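What follows is one structure encoded as structure tokens, with my remarks underneath.
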Amino acid sequence: MRITTPVYALYVRRLRRRLRGGALPRHIGLIMDGNRRWARKAGLAGPSLGHRAGAEHVDDVLAWCESLGIRHVTVFVCSTENLARRGEAEVGFLMDLITQVVTERLARPGARWRLHVAGDLSVLPDRTAHALKEAVDAGREVTTGNHVTLAIGYGGRQEVVDAVRELLTEHAEEGRSLADAAAAFEPADIARHLWTAGHPDPDLVIRTSGEQRMSNFLLWQAAYAELYFCDAHWPAFREVDFLRALRSYAARERRRGR
């Protein structure tokens, strides 16, 4: 959402100056909640326009992150529960929208963010899964150092279950007994089998629309993350809201469980 009034622009510049040289997160997780409520509040017909506005707004937020040197972003697009509980027409529109946005914005020549996907692609329509795989392949050419992970068909509990299953299978294939596997078990063994393996854990998780819960998002990875909840619905999430979240993060003492 772009706001260009002089007073707003002045406030944004002031917030940016205050953040300069301070502690900024290396990796941000975004729970982009409130697309449907934003559409209802705006008097729009159906949730589809809310989802479209929300999808287009991701570009703005990635630009804000890049301008501040934040190189890792994970966006919670849809959960396995969303796919199971939403109406067929809404899910179909959302999948078509994801396919379009990924193809046109993240897989295009000159893209500035390398795409990664976290989730079970087998629960998605073939066309959507194919578009995501192609965009991931195309992203290997991106050299900016920016990484965006889309959590699609994602569930944090299932991710951990799948990681443990893969780990036990690995031990079995190496001829180890269950007792030997249990004796050598370490948290890092789980981490390397997660859908986000190879990426840093999030330092800050931002959720929009006023809800204050994690909703099965990055349960393992966000164990020590700072949390920030914003009342604005995702399509109305402004740069000033983003900068306020970073200001809050910079003012905190991170204890990491200590």
Side-chain angles (χ1 to χ4, degrees), residues 27-36 38-39 46-66 71-156 158-159 162 166 193-199 202 208 215-218 221 234-235 237:
H27 180 181
I28 292 179
L30 296 169
I31 303 176
M32 49 180 204
D33 195 14
N35 291 336
R36 299 194 299 170
W38 175 84
S48 298
L49 293 178
H51 289 314
R52 181 171 295 280
E56 292 173 349
H57 193 39
V58 172
D59 268 357
D60 297 328
V61 181
L62 291 180
W64 302 339
C65 289
E66 184 175 21
R71 303 300 185 192
H72 294 268
V73 179
T74 298
V75 182
F76 198 6
V77 177
C78 68
S79 66
T80 51
E81 291 88 354
N82 293 151
L83 296 176
R85 297 174 185 172
R86 299 277 173 89
E88 184 177 344
E90 183 179 352
V91 171
F93 178 87
L94 182 58
M95 293 298 103
D96 288 342
L97 180 60
I98 291 169
T99 302
Q100 178 186 348
V101 169
V102 165
T103 301
E104 294 179 357
R105 303 189 181 199
L106 294 175
R108 71 180 188 273
R112 298 194 57 78
W113 289 81
R114 179 175 177 179
L115 177 66
H116 309 273
V117 176
D120 182 1
L121 294 186
S122 70
V123 303
L124 305 180
D126 289 343
R127 66 186 184 282
T128 305
H130 180 69
L132 288 167
K133 290 174 182 176
E134 285 199 334
V136 168
D137 289 340
R140 301 184 198 281
E141 305 299 322
V142 175
T143 60
T144 60
N146 301 328
H147 298 264
V148 58
T149 299
L150 301 185
I152 301 178
Y154 178 87
Q158 189 60 46
E159 180 182 27
D162 286 354
E166 288 185 10
H193 286 285
L194 296 174
W195 290 325
T196 59
H199 300 280
T208 58
S215 295
N216 207 15
F217 178 59
L218 300 182
Q221 300 90 329
W234 174 255
F237 182 65

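Keep in mind it's a predicted model, so treat the numbers as computed, not measured.
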**Message:** For Trp113 versus Leu62, what's the shortest heavy-atom pair and its separation?
**Reply:** CZ2-O, 3.2 Å

**Minimum heavy-atom distance between Gly153 and Thr80, given as atom pair plus value** = O-CG2, 3.3 Å

**Request:** Go through the structure and list residues passing salt bridge (Lys or Arg N to Asp or Glu O under 4.0 Å) with Arg112, not counting sequence neighbours.
**Result:** Glu66

**Request:** Specify the closest pair of heavy atoms between Ala55 and Leu97, including all atoms of both residues, with the distance to one decimal.
**Result:** CB-CD2, 3.8 Å

**Request:** Measure from the ring center of His199 to the ring center of His116 and say whether it is less than 6.0 Å.
**Result:** yes

**Asked** Can you find a heavy atom in the side chain of Leu106 that is under 4.5 Å from one in the side chain of Leu150?
**Response** yes

**Asked** Between Pro235 and Ala53, which heavy-atom pair has the shortest distance, and what is it?
**Response** CB-CB, 4.0 Å

**Message:** Could you check whether any side-chain N or O of Thr128 sits under 3.5 Å from a backbone N or O of Thr99, counting only pairs where one atom can act as donor and the other as acceptor?
**Reply:** no

**Request:** Show your working on side-chain contact (heavy atoms from CB on, under 4.5 Å) between Trp195 and Asp162 and close with a plain yes or no.
**Result:** CA-CA 9 Å; Trp195 290 325; Asp162 286 354; 3.5 Å; yes

**From Cys65 atom SG to Ile28 atom CD1, the distance as rounded to the nearest 0.5 Å** = 4.5 Å

**Message:** Are the side chains of Pro202 and Leu218 in contact, using a 4.5 Å heavy-atom criterion?
**Reply:** yes

**Asked** Partners of Trp234 by ring pair (Phe, Tyr, Trp, His ring centres under 6.0 Å), sequence neighbours excluded?
**Response** His57, Phe237

**Check: Glu134 side chain, Ala107 main-chain N or O, donor-acceptor pair, under 3.5 Å** = no

**Asked** Out of Val148, Val75, Thr74, which one pairs with Leu30 under the side chain to side chain contact (heavy atoms under 4.5 Å, CB included) rule?
**Response** Val75

**Fill in**
Looking only at heavy atoms, the pair that brings Met95 and Leu83 closest together is CE-CD2, 3.7 Å

**Message:** Any heavy-atom pair between the side chains of Gln158 and Asp120 that's under 4.5 Å?
**Reply:** no

**Message:** Using the salt bridge (Lys or Arg N to Asp or Glu O under 4.0 Å) criterion, which residues pair with Arg52? Sequence neighbours excluded.
**Reply:** none

**Request:** Could you tell me whether a side-chain N or O of Tyr154 sits under 3.5 Å from a main-chain N or O of Val117, the two making a donor and an acceptor?
**Result:** no

**Item:** Residue pair Gln221 / His27, side-chain heavy-atom distance below 4.5 Å
**Value:** no

**Item:** ring pair (Phe, Tyr, Trp, His ring centres under 6.0 Å) against Phe217, all qualifying residues, sequence neighbours excluded
**Value:** Phe76

**Item:** Smallest separation among heavy atoms of Leu94 and Cys78, with atom names
**Value:** CD2-CB, 4.1 Å

**Pairing residues for His193 by the ring pair (Phe, Tyr, Trp, His ring centres under 6.0 Å) criterion, not counting sequence neighbours** = none

**Asked** Which is it for Gln100 and Asp96 under the side-chain hydrogen bond (donor to acceptor under 3.5 Å, both in side chains) test, yes or no, and what are the steps along the way?
**Response** CA-CA 6 Å; Gln100 178 186 348; Asp96 288 342; over 6 Å; no

**Asked** Any side-chain heavy atom of Arg71 within less than 4.5 Å of one from His147?
**Response** no

**Prompt:** Does Glu56 have any side-chain hydrogen bond (donor to acceptor under 3.5 Å, both in side chains) partners at least two apart in sequence or in another chain, and if so, which?
**Reply:** none

**Message:** Within this structure, what is the CG-CG distance for the pair Asp126 and Leu121, rounded to the nearest 0.5 Å?
**Reply:** 10.5 Å

**Message:** To the nearest 0.5 Å, what is the distance between CZ on Arg105 and CG on Asp59?
**Reply:** 4.5 Å

